[in-house]
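Below you'll find the structure, written out as structure tokens, and then a few comments.
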Amino acid sequence: MTTLAPPPTTGPDSGPRHRAEAPSTEATGTAGAAGAGGGLAARARRMFTGAPEDPRWARPALWTILVLATALYAWNLSSITGNTFYNAAVYSGTKSWKAFFFGALDAGSFITVDKPPFALWVMGLSARVFGYGTWQMMLPMVAVGVGSVALLYRMVKRDFGAVAGTIAALALALTPITVAITRDTNPDPVLVFLMLLGAAALMKAVRTGRVMPLVWSGVAIGFAFNTKMMQAYVVLPVFFLVYLWAANASLGRRIRNLAVGTAALIVSSAWWMVVVDLIPASSRPYIGGSTDNTVWDLVIGYNGFGRIFGASSSVGSQGNGASFGGEASVYRMFNEIMGGQISWLIPFALIALVGGLMLRGRAPRTDARRAALMLWGGWFVLHYLTFALAEGTFHPYYVTAMAPGIAALAGAGGVMLYGAFKEKSVARWGWVLPLAVAVSAVWAVVLLQRVSGSGTLYTVAEVVAGVAGAAAVIGLLVGRFMRRRKLVGLASLVAVVALLAGPAAYSVSAATTASSSGTNPTAGPNTGGGMGGGGGTGGGQRPSGNAPTGNAPSGTGNSGSSGSSGSGSSSTSSNSTDSSTGTQASGDGDGGGGGGMGGGSQVSSEMITYLKKNQDGATWLVAVATDQTASSVILESGQPVISMGGWSGSDEAMTLARLKELVKAGKLHYIVVSDSGGQGGNSSAASEIAEWVKENGSAVSDYSGLYRLDSADVS
């Protein structure tokens, strides 16, 4: 098993000044000749066979992993529901370029979703080209998911060799929560891909000392910001640190380049926000999730400090405090909800990070391997602390952003530990790799024990993790002390199998489940556990993983949405939680606050048919309380629908004056209010609207809570 030996410290794809040791002239010359000659045909051939200096197995292994990732992400696309909230916005964007640009929920552009629109643009362009449908929206999500695997392979391979790149790519492809979220229409897969593009450009800037790669890194993170706002900035501290420390340039030049890259970051992040906020509010949609109808408030509040500090944040709108991943603490990633989604390789990654940094301790400042370890270690640690300690709304699928750091450390750090295990004369290195494998294998067995009885797949994975883990540790120790290199290589391969058996079982489950949870996708079986978190909404269990499908509202209380925003928001305290499923109800008619606007449980398929028949040229089919209800009606009817209160019903997007204006102009005839009072928003504006509609509108007797308003009703 000589192929498992650590790669040389040099490679033909980087110059000698960027490595701890210089490559030979012969190797550099061969690579240069291969790159300069051969033309397009040779480059195309190398795409499938790899570079001449790569091991012969390397490129076939990569293609196998990419095919595996594609199969996991795209298997049985017809069963994928996606997040109906974003689905409706994508559909609306195919009907109106204005809705497309703003990321509006409805084609009439009354209110936006509570995220910037870049991921919607990606899905929307696909839907405009191929037509609106599930696979058309999923196509770019699968593409960026597979692209992230390929990009991580390339980055890790450049600095640590083909073995490390292959392990990292396989680990990322088999990360359970990554499989689950890539089979969805939430924006996170696009976010991860853009962050990886930024990291790749950063490392090129570190190696070359040039400014343009740093500019492109800032642009990539800026687009990531326009995908999910402040979450894209989690990696920025380590980006700045790595470049400032390791870039191949003088200190003054590094500082100047960072200033230029930061300017590119600011421009690419802020352009959409600035444009939107400069447009008069009367000429654009209301900014969903904001408290003052500005994107800036959305950035610093609801999608910023509100996520970190929860309901205690006094800046901007609140992220609330509902957690679907357990109580905030440093142990959150290991709890019963999160453990099976992301934590499998965390013990190994931590040991590999510390060991790798120690092994590069005396390397030059510009050492590329240490810079890469700093990048991936910082990526992992910053995401871990952010997600573990966040007191605002937290969904398990957020941690897919942490997966590249863990996977890269498993591959790069693992290969470094392997090399030290075989070659170092210092006795302590003879225990580090077996210890890392043993700890992670034991943790895998613990995680699989938690779901014991959930199916044969998990039982088999538990046996493989336990038996293969034990065999790997014994083989490593015996092979080292008996100087059997082939046994060490075989044991290392068995260790990879042991550590990835559990994630593989969860990932296969995520890919083959008949239906997915569009608003809170997770992989593997339901492990129970309370919602936890500051200000949780009650209910004894976690979200069940089976979200409503987004089909026609049934009129029985299921309006095509769970109460967990796919965008990451949670319901306000007026919303209820179904204790049997752990999902929050859409909140209609649950009795909080008098005279509120109504919504989901009062909208049936029959009502939608009636509304379409009597729309009478109005722009909007109906006005309802929340985004959940509106998105379901939009997808069934194909018509614009007004969400008066945003995701949770607390947005004051609709005022009485605005309602009168729409009715007077004939743009809206129907509005749903709650006869029981209360649901959909307990603000004074909601109560005022409900009272005015009941006093001036004509109740539609066949449909409780539905009122018709015409221009003559507006005084």
Is the shortest heavy-atom distance from the side chain of [X] to the side chain of [Y] under 4.5 Å?
| X | Y | result |
| --- | --- | --- |
| Leu191 | Phe118 | no |
| Val142 | Trp75 | no |
| Tyr73 | Met141 | no |
| Tyr397 | Thr178 | no |
| Thr512 | Asn76 | no |
| Thr185 | Phe85 | no |
| Asp184 | Tyr86 | no |
| Met137 | Ser126 | no |

Can you check whether [Y]'s main-chain N or O pairs, donor with acceptor, with [X]'s side chain at less than 3.5 Å?
| X | Y | value |
| --- | --- | --- |
| Thr609 | Ser605 | yes |
| Asn87 | Leu635 | no |
| Thr227 | Val190 | no |
| Asp292 | Thr294 | yes |
| Asp277 | Val274 | no |
| Asp713 | Gly697 | no |
| Arg183 | Ile80 | no |
| Asp106 | Ser109 | yes |
| Glu636 | Ile608 | no |
| Asp627 | Trp647 | yes |

Can you see which heavy atom on [X] is nearest to which on [Y], and at what distance?
| X | Y | result |
| --- | --- | --- |
| Thr182 | Met138 | O-CE, 3.1 Å |
| Ala401 | Val192 | CA-CG2, 3.8 Å |
| Asn293 | Pro285 | OD1-O, 3.9 Å |
| Gly108 | Thr619 | CA-CG2, 4.4 Å |
| Pro116 | Lys228 | CG-N, 4.0 Å |
| Leu120 | Gly103 | CD1-CA, 4.0 Å |

Please round to the nearest 0.5 Å and tell me the distance separating atom [atom1] of [X] and atom [atom2] of [Y].
| X | Y | atom1 | atom2 | result |
| --- | --- | --- | --- | --- |
| Ser687 | Leu656 | OG | CG | 12.0 Å |
| Leu298 | Lys115 | CG | NZ | 7.0 Å |
| Met654 | Ile642 | CE | CD1 | 4.0 Å |
| Ile177 | Tyr398 | CD1 | OH | 11.5 Å |
| Ile671 | Tyr707 | CD1 | OH | 10.5 Å |
| Ser290 | Asp114 | OG | CG | 10.0 Å |

Should Asp616 and Arg708 be marked as a salt bridge (Lys or Arg N to Asp or Glu O under 4.0 Å) after you check the CA-CA gap, both sets of side-chain angles, and the distance that decides it? CA-CA 11 Å; Asp616 295 337; Arg708 169 142 186 154; 2.8 Å; yes
Could you walk me through whether Trp620 and Tyr670 satisfy the ring pair (Phe, Tyr, Trp, His ring centres under 6.0 Å) test, starting with their C-alpha distance in whole Å, then the side-chain angles of each, then the deciding distance to 0.1 Å, before giving a yes or no? CA-CA 8 Å; Trp620 287 277; Tyr670 291 96; over 10 Å; no
Return the orientation label for the Tyr132 and Tyr91 ring planes: parallel under 30°, perpendicular over 60°, tilted otherwise.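 Perpendicular.
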Would you call the rings of Trp121 and Trp272 parallel, tilted or perpendicular, taking 30° and 60° as the class edges?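 Ring orientation, 0 to 90° scale: perpendicular.
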Tell me whether the centres of the aromatic rings in Phe225 and Tyr233 are closer together than 6.0 Å.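 Close enough - the centres of the two rings lie under 6.0 Å apart.
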Does Arg128 make a cation-pi contact with Trp97, if we ask for NZ or CZ under 6.0 Å from the ring centre and within 45° of the axis?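 Satisfied, under 6.0 Å and within 45°.
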Whether the Gln615 and Lys612 side chains hold a donor-acceptor pair (N or O, under 3.5 Å, no angle test) is what I'd like checked.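 Checked: Gln615/Lys612 side chains show no N/O donor-acceptor pair below 3.5 Å.
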Passing option when His395 is tested against Asn520, Thr522, Asn186 for side-chain hydrogen bond (donor to acceptor under 3.5 Å, both in side chains):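 Among Asn520, Thr522, Asn186, the one meeting side-chain hydrogen bond (donor to acceptor under 3.5 Å, both in side chains) with His395 is Asn520.
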Within the supplied structure, the quantity of interest is the number of heavy atoms (other residues, nucleotides, ligands) at a distance under 6.0 Å from Lys98 NZ; does it exceed 12?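 Counting other residues, nucleotides and ligands, NZ of Lys98 exceeds 12 neighbours.
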Can a salt bridge be assigned to the pair Glu661 and Arg658 using a cut-off of 4.0 Å between side-chain N and carboxylate O?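 Here Glu661 pairs with Arg658 in a salt bridge, since their nearest N and O are under 4.0 Å apart.
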Between Phe324 and Phe394, does the ring pair (Phe, Tyr, Trp, His ring centres under 6.0 Å) criterion hold? Intermediate values first, please. CA-CA 6 Å; Phe324 299 88; Phe394 175 77; 9.3 Å; no
